[in-house]
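Structure, as structure tokens:
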Amino acid sequence: MPVDLFNTKFEQLYKKPAEALASAPGRVNLIGEFTDYNNGFVLPCALEFTTRILFRKRDDNQVIVHSLHYPGECDKFSIDDEISRGDSQWGNYIRAVAYVLKRQGHLLSGVDLLIDSTVPQGSGLSSSAALEVAVGGVFNHLCQLNLSGEEIALLGQEAENDFMNCQCGIMDQLVSANGQKGQALLIDCQSLTTESVAIPEDLSIVIVNSNYPRKLVDSEYNQRRIDCEQAAKKMSIATLRDADIKKLNAARSAMSDNEYKRAHHVITENSRVIKATQALKNNDMPKLRELMTASHQSLRDDFEVTVPETDGLVDICQEALGDEGAVRMTGGGFGGAIVCLCRHSDIDKIKSAVEKHYFSRFNIQASIYVGKAGDGLQVTVL
Ligand code: ADP
Ligand code: MG
């Protein structure tokens, strides 16, 4: 929605104009999947798709939330009461952030909020992290908490882990908080240090959402994390960050097949992230292609988080691009999206191949987004 209309909508709902706007982006992960919660490496970029929240401080301690995506539904809670889950599914993300802020001892105040977003929901572009980081930005500004982007990201992750019961790592929130226009962000999830890596001017990021419905996946997702933790334990190391193939093979007999395969993915994926960072710096498409193909295969065979729809989309797009592109699934898996790196002139090849082959093979329509690396969290006073 255009800014002026968005403001008008706020005023209609709350009878007063908004004071400020917080905006946080979704993200696409170029490579480094399921490595973040193993303290490894990831290479995502923030997108120009953002979640925006208009807000205004209230005189009481109520938090009142509307989202343009859920018209007619409003969530309300008091920051004086113990914050627990409410009836609004999406409202819980706002409660979650308020809950962790309160738990850390921050003094919060009441606020009117209106959410709008261009981040597709449930597509693996992390609309949930965009929402958590934007809400973190709101309270940071409103209550003068002086939190850094990294601190807001950690709060968002805690909100998702402890309140929403999804055991995600730090990648999504950190890149949503600290991403930079035109740059990918290499994150060392152990130290949380980051390095910006310019995305070559002639490279396009095309995201194809399989639109395969991700059902009941939280338990699968959380089980992967448990498998990784168990594998690390059996190698007598703190996290899989400290693992290598030698240690893995030495502990193989103590591990279940799944623990072995999950750890094998993480170890090989970490090394692919480092190599892919160099390949991106060199604008080396053949290398990116080799690494992204290997990443996808590892996610399919070792980590077992792909579905025939995302495997099929990767095949369709890779075949259309030939040597001129690199393709893999991206995000939390079990459906969701794939990411293609290609030259601008080849975007149409992806579009026509997906149109021609995907629906006829899988009986669902895909959605295609041409992504650009955008900025992280921003808060603007109106
Ligand atoms: P993903 O993060 O991959 O987009 P999730 O299932 O983790 O998928 O998060 C999607 C959820 O985040 C939605 O179901 C909704 O609860 C919340 N959400 C995301 N964007 C918005 C929005 N614009 N308004 C309200 N809730 C939103
Ligand atoms: Mg999410």
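Whatever order the structure lists them in is the order used to number ligands and atoms, beginning at 1. Small disclaimer: the values here were computed from a predicted structure and weren't measured.
There is no side-chain donor-acceptor pair under 3.5 Å between Arg289 and Thr293.
Of all the listed residues (Trp90, Tyr93, Tyr221), Tyr93 holds the heavy atom that lies closest to atom 11 (C) of ligand 1.
Using a 4.0 Å cut-off to heavy atoms of Ile115, the atoms of ligand 1 that qualify are 22 (C), 23 (N), 24 (N). Short contacts between ligand 1 and Ser117, defined as distances under 4.0 Å to a heavy atom of the residue, involve ligand atoms 23 (N).
Checked by distance only, ligand 1 and Gln89 come closer than 3.5 Å through their nitrogen or oxygen atoms. Considering backbone and side-chain atoms together, Gly122 places an N or O closer than 3.5 Å to an N or O of ligand 1. On a distance-only criterion, Asp116 and ligand 1 share no N/O pair closer than 3.5 Å. Considering backbone and side-chain N/O atoms, Gly124 comes within less than 3.5 Å of an N/O atom of ligand 1.
The side chain to side chain donor-acceptor pair (under 3.5 Å) test with Asp112 is passed by exactly one of Arg56, Arg58, Gln62: Arg58.
If you check which protein heavy atom lies closest to atom 4 (O) of ligand 1, you get Ser127 OG, 2.6 Å. Nearest non-hydrogen protein atom to atom 27 (C) of ligand 1 is Leu131 CD2, 3.6 Å. From the protein, the heavy atom lying nearest to atom 7 (O) of ligand 1 is Ser128 OG, 3.1 Å. Of all protein heavy atoms, the one closest to atom 22 (C) of ligand 1 is Gln121 NE2, 3.5 Å. Among all non-hydrogen protein atoms, the one lying nearest atom 24 (N) of ligand 1 is Ser67 OG, 2.7 Å.
Classification of the Phe303-His265 ring pair by plane angle, with boundaries at 30° and 60°, yields tilted. Phe34 and Tyr37 have perpendicular rings, their planes meeting at more than 60° on a 0 to 90° scale where under 30° would count as parallel.
At a threshold of 4.0 Å, the pair Asp172-Arg27 counts as salt-bridged, since one of the basic side-chain nitrogens sits closer than that to a carboxylate oxygen. Salt bridge status for Glu220 with Arg224: present, with a side-chain N to carboxylate O gap under 4.0 Å.
Counting non-hydrogen atoms of neighbouring residues, nucleotides and ligands closer than 6.0 angstrom, the CD atom of Gln144 reaches no more than 12 such neighbours.
Ser367 contributes no side-chain N or O that, together with a main-chain N or O of Asn209, makes up a donor-acceptor pair within less than 3.5 Å. Between the side chain of Asn178 and the main chain of Leu174, no donor-acceptor pair closer than 3.5 Å is present.
The Mg ion (ligand 2) has no N, O or S atom of Ser126 inside 2.8 Å of it.
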